[in-house]
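The structure appears right after this line, and notes come after that.
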Amino acid sequence: MPQLPRGGCWRAVITRARSAGLFAGPRGASGGPGCTRDAPSGAGELRGELDRFGGVSVRLARLDAVHRLDPVAFQRALQGKCAAAIQKWRSEGRVAVWLHIPILQSRFIAPAASLGFCFHHAESDSSTLTLWLGEGPSRLPGYATHQVGVAGAVFDENTRKILVVQDRSKLKNMWKFPGGLSEPGEDIGDTAVREVFEETGIKSEFRSLLSIRQQHTHPGAFGKSDMYIICRLKPYSFTINFCQRECLRCEWMDLSDLVKTENTTPITSRVARLLLYGYREGFDKIDLTVEELPAVYTGLFYKIYHKELPDSYKTMTGMD
Ligand SMILES: NC(=O)C1=CN([C@@H]2O[C@H](COP(=O)(O)OP(=O)(O)OC[C@H]3O[C@@H](n4cnc5c(N)ncnc54)[C@H](O)[C@@H]3O)[C@@H](O)[C@H]2O)C=CC1
Ligand SMILES: [Mg+2]
């Protein structure tokens with residue numbers, strides 16, 4: 001079972017920290033996905049986890065009394081011995097160090113940064129820094145690169161009306177589909193149904209995914225990329241009760257009027273035309289439908305979206 005190397009900067013830090021009672025007897029560290037548990041590494045060694053890519057994770061939250069660790073001593077110890085430790089880790093084939101710092105221990109960020117650690121990401125209660133040890137530029141994957149927005153094109157086939165809103169916060173009052181940002185762990189269709197209900201009071205159910213727009217350096221995404229996904233929804237309530245805080249107007253509009261109007265965004269206009277085509281020629285021409293499949297490695301499930309595949313193709317075993 002892999003262990004963190006003996007000696008080097010972490011050892012020095014621990015030696016100082018031991019007197020503060022930071023590293024009591026052995027205790028296995030619990031790893032996240034893809035992590036191996038560290039074998040009990042003996043008193044005086046910082047417990048870490050070696051991941052399946054050869055990186056080492058160090059979690060300050062796991063130290064019993066990290067709140068008593070003196071950051072000056074921490075920095076001095078790191079700076080004094082770290083070069084040797086990094087060399088040693090490199091020679092052992094470690095590719096990176098991941099340092100997980102609880103927000104209340106953020107005083108350790110600056111000392112770590114002075115050694116070359118960079119931010120990888122932050123959550124509301126912690127930050128994660130990395131130091132690349134491998135050859136050449138870092139090959140560690142970045143963190144979140146996109147935000148995901150989802151809108152619902154709620155189309156009533158009986159009346160040929162489509163649900164549209166004008167946002168209150170926009171400079172131009174243009175018709176668009178109600179929608180908003182997906183929450184962590186939320187399925188695309190669930191976001192569309194939730195946002196439509198929150199903004200308009202209309203209840204609906206997911207039918208299909210119609211379009212995906214990818215836009216980079218999006219001002220509404222803090223300069224990151226934005227994925228804007230439009231779903232086709234079927235309404236099962238029709239009385240509008242729109243959110244006054246978010247929307248200026250909301251109405252059921254003839255789909256053909258939405259196709260014709262100039263007072264809309266290009267993507268809304270394009271998807272209105274797509275819907276009209278689907279309505280006339282069959283929604284199977286435009287729908288990407290959803291199915292749940294098992295993930296091979298994790299045992300979890302995921303949603304896959306694609307054009308309808310005939311059953312004979314789903315079950316076929318060989319090529320004719
Ligand atoms: N082309 C189109 O038709 C449009 C597409 N979109 C897309 O929709 C998605 C987002 O939808 P939204 O309706 O904007 O999301 P949303 O329905 O989740 O609303 C976001 C809310 O956060 C507020 N907000 C945003 N930034 C803020 C800040 N810095 N400080 C305080 N409040 C802030 C807004 O005022 C709004 O109330 C994105 O993917 C975007 O690209 C949004 C508008 C038009
Ligand atoms: Mg919205």
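Counting starts at 1 for both ligands and their atoms, following the listed order.
The shortest N or O to N or O distance between V150 and ligand 1 is not under 3.5 Å. Inclusion of Q147 in the set of residues having an N or O under 3.5 Å from an N or O of ligand 1 is not warranted. Considering both main-chain and side-chain atoms, R213 comes within under 3.5 Å of ligand 1 through a nitrogen or oxygen pair. In terms of N/O distances under 3.5 Å, ligand 1 is approached by G179.
Taken from CZ in F155 to CG in L210, the straight-line distance is 11.0 Å, to the nearest 0.5 Å.
Shown in contact with G149 at under 4.0 Å from a heavy atom are these atoms of ligand 1, numbered in order with element: 9 (C), 39 (O). Taking every heavy atom of I267 and a limit of under 4.0 angstrom, the matching atoms of ligand 1 come to 1 (N), 2 (C), 3 (O). The distance from ligand 1 to the heavy atoms of E246 drops below 4.0 Å at these ligand atoms: 17 (O), 19 (O). Taking a cut-off of under 4.0 Å to the non-hydrogen atoms of K176, the atoms of ligand 1 that pass are 3 (O), 43 (C), 44 (C). Near T268, meaning under 4.0 Å from any of its heavy atoms, are these atoms of ligand 1: 3 (O). Listed by number with element, the atoms of ligand 1 under 4.0 angstrom from any heavy atom of E195 are 17 (O), 18 (O). Remark: ligand 1 atoms within the under-4.0 Å shell around heavy atoms of H218 are 41 (O).
In T265, the part holding a heavy atom less than 4.0 Å from any atom of ligand 1 is the side chain.
The atom of E199 nearest to the Mg ion (ligand 2) is OE2, with the search restricted to N, O or S atoms.
Between M174, K170, E199, it is E199 that holds the heavy atom closest to atom 17 (O) of ligand 1. In this comparison of D226, V148, T191, the heavy atom closest to atom 39 (O) of ligand 1 sits on D226.
Summary of contacts: the protein heavy atom closest to atom 15 (O) of ligand 1 is G180 CA, 3.4 Å.
With F283 as the aromatic partner, R232 meets the cation-pi criteria of under 6.0 angstrom to the ring centre and within 45 degrees of the ring axis.
With hydrogens and angles left out, the side-chain atoms of E123 and Y143 include a donor and acceptor closer than 3.5 Å.
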